[in-house]
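Sequential numbering from 1 along the given sequence is applied to the chain's residues. What's counted below: heavy atoms across the whole structure, side chains too, no hydrogens, waters or symmetry copies.
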Amino acid sequence: MHLRTQMLRTLGISLLAFVVVMLIVLFPRKIDLTLEGNLIVATYDASMEQFVANIKQFFVDVFQNQSLGYSRFSGESAGEAVIRAMGKSLAVIGAALVIGFVFGILKGIADYKLSKTRFNILGHWTTWIFQSMPDFFVLLILQWFIIDHLPFIRFFAPDGWQSFALLSVLVSLYPIVYIASLTSASLAAQEGKLYLLFAKAKGLSNRIILFKHMLRNSMGTLLTQLPTLLVYILSNLLMVEIFRNYPGAAWRLYTAMDYNTYQGTGQDFEAGIIIGITFCIMLLILLVQWISHVAKKYFDPI
């Protein structure tokens, strides 16, 4: 598929997904609670007129009032809340992407090399065991271990390098083993290829063959996984930010929903903040997908 066609197709899918999310957020969700005797009765009345009114009001706020609407915290607008939360999370997301990709490749190379030795248990086995466990379980165990056994680490630090560096490492763990498994499998699949035999016949060392030929031929496949890495990072970001009370995008998105088990959406539901953060995340995912398309075209032009 042509590069421009791929990018336009990705843009169209992203915009469609964003519109669907926006419509869901703006759908009427007010619940009326009344007391009948000793019972509290909840009634819900969703009308198309109210739905259309919500959509119109949102666009009036955005284009005429230049506002995303309500923010539960005084002293900041909804737009400022979105920018502040995204700024805090972008540092974590960017660092986690780099850590997950770079160290995932290094772990995959180590797995491939160790698979030919008696120390294979330190390679493929560790990757397989880590992947076989649910990521949320691993993150909870690691966070408990750091808090309980490593008191010199300021786990709940609100500022400084530890405020985002620790988060970056935690959310990049699953991407590391994911890229490691793909790297190892891609390197193993190239064994016995004619271009490798020709390189060995020319007297090139195994290290040069590995990095100059085998790894470069794997980059096209690995770079297409950048969007998947981002999805892993975003899915783990919510749990880590909430557990550490880190005021990033995932934490702010969760609080903006104001959900409770008794009446569903509460009175502090912040539709503008939800739509704003969703839009920023959509742009981030779209950018990473475009980078993946361009990089794959470069490394695998056919």
[Y] side chain reached by [X] side chain, heavy atoms, under 4.5 Å:
X    : Y    : answer
Q6   : W290 : no
W251 : K88  : no
M239 : L140 : yes
T278 : V25  : no
L287 : I291 : yes
T228 : Y178 : yes
L182 : T221 : no
V92  : V240 : no

Do you know the tightest heavy-atom contact between [X] and [Y]?
X    : Y    : value
P175 : Y232 : CG-CB, 4.0 Å
M257 : F269 : O-CD1, 3.4 Å
S89  : A249 : OG-N, 2.6 Å
A96  : S172 : O-CB, 3.6 Å
G276 : L68  : CA-CD1, 4.2 Å
A250 : E241 : N-OE1, 3.1 Å

Reported [atom1]-to-[atom2] distance for the pair [X] and [Y], which is rounded to 0.5 angstrom:
X    : Y    : atom1 : atom2 : result
M219 : L215 : CE    : CG    : 6.0 Å
L26  : F59  : CG    : CZ    : 7.5 Å
Q143 : D148 : CD    : CG    : 13.5 Å
I13  : I285 : CD1   : CD1   : 12.5 Å
I176 : L229 : CD1   : CG    : 10.0 Å
I275 : C280 : CD1   : SG    : 12.0 Å

Out of Q57, K56, Q50, which one pairs with N54 under the side-chain hydrogen bond (donor to acceptor under 3.5 Å, both in side chains) rule?
Q50

Please set out all donor-acceptor pairs under 3.5 angstrom arising from side-chain atoms of residues 98-107, sequence neighbours excluded.
unit_1, atom_1, unit_2, atom_2, d
K107, NZ, D111, OD1, 2.8
K107, NZ, D111, OD2, 3.3
K107, NZ, G123, O, 3.2
K107, NZ, T126, OG1, 3.1
K107, NZ, T127, OG1, 2.6

Test of understanding: clusters of I, L, V, M, F, W, Y form through side-chain heavy atoms closer than 4.5 Å, transitively. Do [X] and [Y] belong to the same one?
X    : Y    : value
F243 : L150 : yes
L23  : F27  : yes
L15  : V288 : yes

Any donor-acceptor N or O pair under 3.5 Å, side chains E80, S71
no

Tell me if a side-chain donor or acceptor on [X] pairs with a main-chain N or O of [Y] at a distance below 3.5 Å.
X    : Y    : value
R244 : L166 : no
E270 : A78  : no
S186 : T183 : no
S14  : T10  : yes

Please determine whether side-chain contact (heavy atoms from CB on, under 4.5 Å) holds for the pair Y174 and N236, giving the CA-CA distance in whole Å, both sets of side-chain angles, and the decisive distance to 0.1 Å.
CA-CA 9 Å; Y174 217 75; N236 291 328; 4.2 Å; yes

Considering residues, nucleotides and ligands other than F51, do more than 12 of their heavy atoms fall under 6.0 Å from its CZ?
yes

In chain order, what residues pass the ring-ring contact (aromatic ring centres under 6.0 Å, His included) check against F18, with sequence neighbours excluded?
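Listed in chain order: F279.
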
